[in-house]
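Lettering follows sequence order; numbering is per chain, from 1.
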Amino acid sequence: MVGKISEGILLEFKIGETKQEINGEIIHALGDGSILLRINQKSYEVRLVKSSADEIEFFFENSFHYVKKISSTSSGIMIVLDGVPITLRKHFKLDELIRDTSSSKVTTENNNLTSQIPGRVVNIVASIGTSVKTGDSIVILESMKMQVAVKSHKDGIIRDILVKKGATVSRNDVISVIE
Amino acid sequence: MVGKISEGILLEFKIGETKQEINGEIIHALGDGSILLRINQKSYEVRLVKSSADEIEFFFENSFHYVKKISSTSSGIMIVLDGVPITLRKHFKLDELIRDTSSSKVTTENNNLTSQIPGRVVNIVASIGTSVKTGDSIVILESMKMQVAVKSHKDGIIRDILVKKGATVSRNDVISVIE
Amino acid sequence: MISSVLIANRGEIALRIIRANRELGIKSIAIYSDEDIRSAHVRNADEAYHIGPAAASESYLNVKKIIETATAAGADAIHPGYGFLSENDTFADACEKKGIVFIGPRGKAMTMTGDKMKCKELMKKANVPVIPGSEGVIDDVDLAERVAHDIGYPVLLKSAFGGGGRGIRLARNENQLRQEFEMAAAESKAAFGKASLYVEKSLEGIRHIEFQIVRDSNGNTRHLFERECSVQRRHQKLIEMAPSPVVNAEIRKRMGEIAVRAGEAVDYLNAGTVEFLRDKDGNFYFIEINSRLQVEHPVTEVITGLDLVKLQIAIAQGQEISFDQEDLKLHGYAIECRINAEDPFNDFAPSIGTVGRCNLPHGPGIRVDSYLFSGCSVSGYYDSLVAKVIVWGRDYQEARARMKNALREFEAEGINTTIPLHETIMNNADFIRGDLSTDYLDRLKILDIMEKEHIEKVKRNTPAAVAAVLLQSDVDRRNPEVVQDMRNARTRGWKNIGRNSFGI
Amino acid sequence: MISSVLIANRGEIALRIIRANRELGIKSIAIYSDEDIRSAHVRNADEAYHIGPAAASESYLNVKKIIETATAAGADAIHPGYGFLSENDTFADACEKKGIVFIGPRGKAMTMTGDKMKCKELMKKANVPVIPGSEGVIDDVDLAERVAHDIGYPVLLKSAFGGGGRGIRLARNENQLRQEFEMAAAESKAAFGKASLYVEKSLEGIRHIEFQIVRDSNGNTRHLFERECSVQRRHQKLIEMAPSPVVNAEIRKRMGEIAVRAGEAVDYLNAGTVEFLRDKDGNFYFIEINSRLQVEHPVTEVITGLDLVKLQIAIAQGQEISFDQEDLKLHGYAIECRINAEDPFNDFAPSIGTVGRCNLPHGPGIRVDSYLFSGCSVSGYYDSLVAKVIVWGRDYQEARARMKNALREFEAEGINTTIPLHETIMNNADFIRGDLSTDYLDRLKILDIMEKEHIEKVKRNTPAAVAAVLLQSDVDRRNPEVVQDMRNARTRGWKNIGRNSFGI
């Protein structure tokens, strides 16, 4: 889904309960190597210092910033700006319709319970066929000497448990299917 | 001049007035991932940890070492081992004849006076046509706020001075020709 | 005289011991698991020996293998660090039997301090005030419930063989007790090999204050003042400081003498810590003796000028303590933040991986004990502590300001750390006033404040983030071939964020 | 109250000032030349402004541009650091005229201390002992020769506007004097814009001992004890320490009082240094007042617990010094090594380039003030000082042992540094005894010892180096395609070192 050429980038970001839309575009280059941007109607002066595949260094309003790109998908980009992780969901003005119908949020609301951490399965607390409530422990993982419970993300019935005691799971591995 | 296949590597190194020849070869791999080497008749146990184009990490006699390769030419290799720079001139047993006739040492004994540092030429002390002795200042460079004299490497007559006042020179640039 | 020390540990504490050894001209012998072959302690040791697979039970807890290695390497002594085998009396005894000096207390004292129940009885006899709780070890949940009922809720479930805050659970009622008992038992078993628990009255609004003691083989005992470690999360210490904001000279003298008495009662040897809880009314209750070097020992070093590891080695080789109690003077103020590889925004989930850019803090009054370096790996097999930031200031506020500086400068790309939590705490009014307690985090909803501050920070930084995305898309547009190259090198290029037609 | 400070400097000292500002909640405004756009001080400042091309004369010495920038950025104050404009009275006056607080002495005092000759006369009147020499500035070599003849060789040629050891040359006879005069004049001109020199008797076997003073706008003056900076190379300080091994409490008190008197005589404001030479018989001679923060100020910070930059800012905003002379207590021992990007094995030739792996030392008692980080560049346009390693110990020997640790851990790939020289010095018997003098390096042929030690080190390490070459050639043989890839990425592969048929 490569975006069509447009006049700017519309970025959307969500943190906690706050959701914000930001419109950004490059206005023009100034004589001294700096560039004028407009972000949400406000003008900013920036100056590019260095850029590579996953890093960029620049001045923004006379302040030096270092950005490391962590991941980039067709719908969003995650960066770390001066140590602060920021996720931006990006779309182009002309793509707005597409965005509205292709929201990835709906599909993440699924039956798969995934592990948020890597670890070793030390105990399986729940059993297939039983009903659970949101927050009930399903399995116990051990990582960095800590016992961490993987808890149900919804109310439902356990249809499957995909890990065995003693097994090692990676981050985002599916632990259980709950319907 | 790629070396012929041989039984080992003969390394020569020179520091200060000391020159030494070292014979090294790999004997065999031990069961536990370590390797047995023979260096100048003595056996050593080593274990490779990591290697890339210009870095290598290994255990040598149960001590961890980090080596960074700085440069490598057909006749020598310069490495930094745990912060200590070491230059080894390498040749193969079967190449010894070639080495003897292709010694690069003779050719470095030339008329070109080179700068050992980068810097800006702030003064030219000597003039073309005059005779100088080893250690006489030829030009004065400035670098890192220091005034550094580039001194004649031999007794002779100045045939040419290749830099101008105010010019910037790099390391190893030829400053003057002295015969 | 000790001329070589095998360090039966890893991470920052192994590095700490290597630095002390070097100062004394002592050879450092490291050990490492498969996982740690490229670790900082291996790189910095004079010699390093492989001792087994990644799992601690097969490497850093493998008594037989470690003693064999020490013998083969000709080590005069073993320093156990903290955690792992540091409070294992069998290990200490095994070292002694092989003629290897164990840098720590004798096995016998360790057996006593390790048996929390017996130790408590002994302390009662020595007139050291103790905390109400079960008289012995409790193996089943029903008995635990009866004891809890008798002394009154809330109660704590603790591993009889634990320490350092591991394996401690709070129960406010019977339901919780039954629920937590199983988890606590499992954790205790995983960490210390044994599931035995005991029950103790949980005082509320308490402060954790501990005294560092040292004792030599001639029986000279000194206390090196107190540390306050009240800022905790789930009974794990997060922040330690010395001196305590609530301990004055009189209390310091009185409690220091009690700590010395506790050390004498168990015939302690070397460096140890006598831990107390202080209730709202200023009463102190003994909880346990940690028979090892503590994670937080640097704060004591900073305010006394002593080097505890060098002192440990001196005592281990039979030297007498060279200073009197009166020689020790408090010098300024020290704070330590434990930097853990955990995600504070995701319920402190462990964060593992390879560290990219790594810039540890520097500057006036700042000390960092850490195993991190650019290219190192943070493993899920061991403790999540990756660094300790220790600061010194003339007073509490100067120390706090410097800690803020240090936290801000700390950069370790590729892992999540608890730094945002520490930053929130450093700016919190109660912390600034020194108004601390072990329930500080819950009492003041510090995690909520942290999240709120984080959202504010992200908002403040969003225009700059948008600028970065715009700038890079412009770079990509003008140099499409460079991006192409980068993608071939299997790096995901910025190009993915899309193209646009901004004319500049 | 000062709420923002423009730092008219770069490198480690700019970073040092940023750290102090942060502690005080003051905004740091950095300036940078083309060469420094990615430098540490730019990255760490709250704001940073470009002020010109790489050459210092067009950037960090550009008074007009810097003051314009300060005005435009709304800076309340300017901190000049050391070097550059730090002792430029015109600059200090210009700041004042624009209503910007200059963090340092007033222009008038600076004019006096900057005129070494007049200052000396003033000191004579104030009963501060001075060193014999020319009565005024000398502009031609013949006059210099006459003065030298009168006071007797050896003599020193010094820049009248110099300081920090720059532009000082020794002449043992007329020939040398004539030869060195030109060089000294040129260096003085390059560094300070003026070529004026003066001639001074060169005492031999001397120690350089200086007193840190601070003075507030109410005339309160304190001395913060002495620093000994006798270990020098060509009149450049290499190693500084506090206290001096030859200064006892009585001398400290007496000379401290003289230093205070010197400060009062010039109506000094803020932090400054009164420099003395001490001859073999223990006589002290005033040489000059350095009217700025010194490179070596951290050793004083470490032994007094004071933060000199924060103190400077307090004094600059009119605060009174909050402590009495009697409140100050010596706390332990501090040593600083200046780490310069110079090749000690090649006549200390400047070493410039991009830094690769960069691991700065950490651990007990160690402080590093440095602008180095992995990926930074060391430029030929500015001073070669890249880092200061400062250690604290309870006594001289503990400090020395820690310095050895720190030097060993210091890793900055891609540049040569003076670390091997410092390592040799730390192990030298005369240094260990504290038997120092400004000719220490020559007197003990330290450079020869360094070279010898280096050769021994290389010899010891040669088997491991050979092993590395053998191992890598074996890796290349087994993975030829990997090497191929790497070469395509324009990295010179290890492959070049040849192939062989070792069967493993």
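Using a 4.5 Å cut-off between heavy atoms, R408(C) does not touch chain A at all. Of the two parts of N461(C), the backbone and the side chain both hold a non-hydrogen atom closer than 4.5 Å to a non-hydrogen atom of chain A. Heavy-atom distances place both the backbone and the side chain of A341(C) under 4.5 Å from chain A. Contacts between E342(C) and chain A at a heavy-atom distance below 4.5 Å involve the side chain alone, from C-beta outward. In this structure, chain C has no heavy atom under 4.5 Å from any part of L141(A). Neither the backbone nor the side chain of E61(A) comes within contact range of chain C; no heavy atom of the residue lies under 4.5 Å from a heavy atom of that chain.
Note: Y382(C) leads F345(C), Y382(C), Y381(C) in heavy-atom pairs under 4.5 Å with chain A. When each of M183(C), E411(C), R357(C) is scored by its heavy-atom pairs under 4.5 Å with chain A, the top score falls to R357(C). Ranked by non-hydrogen atom pairs under 4.5 Å with chain A, the options G414(C), A349(C), A467(C) are led by A467(C).
A salt bridge between E413(C) and K68(A) is present, with a side-chain N of the basic residue lying under 4.0 Å from a carboxylate O of the acidic one.
Between the S152(A) side chain and the K154(A) main chain, a donor and an acceptor come within less than 3.5 Å of each other.
The side-chain tip of R10(C) points at the ring of Y371(C) from less than 6.0 angstrom away and within 45° of straight on. Remark: R47(A) is not positioned above the aromatic ring of F60(A), lacking an NZ or CZ atom under 6.0 angstrom from the ring centre and at most 45 degrees off the axis.
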> salt bridge (Lys or Arg N to Asp or Glu O under 4.0 Å) between R338(C) and E12(C): does it pass, once the steps are laid out?
Replying inline: CA-CA 11 Å; R338(C) 298 191 188 196; E12(C) 69 84 17; over 6 Å; no

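In this structure F348(C) satisfies the ring pair (Phe, Tyr, Trp, His ring centres under 6.0 Å) test with no other residue, sequence neighbours excluded. Residues that satisfy the ring pair (Phe, Tyr, Trp, His ring centres under 6.0 Å) test with F59(A), not counting sequence neighbours, are F64(A), Y32(D).
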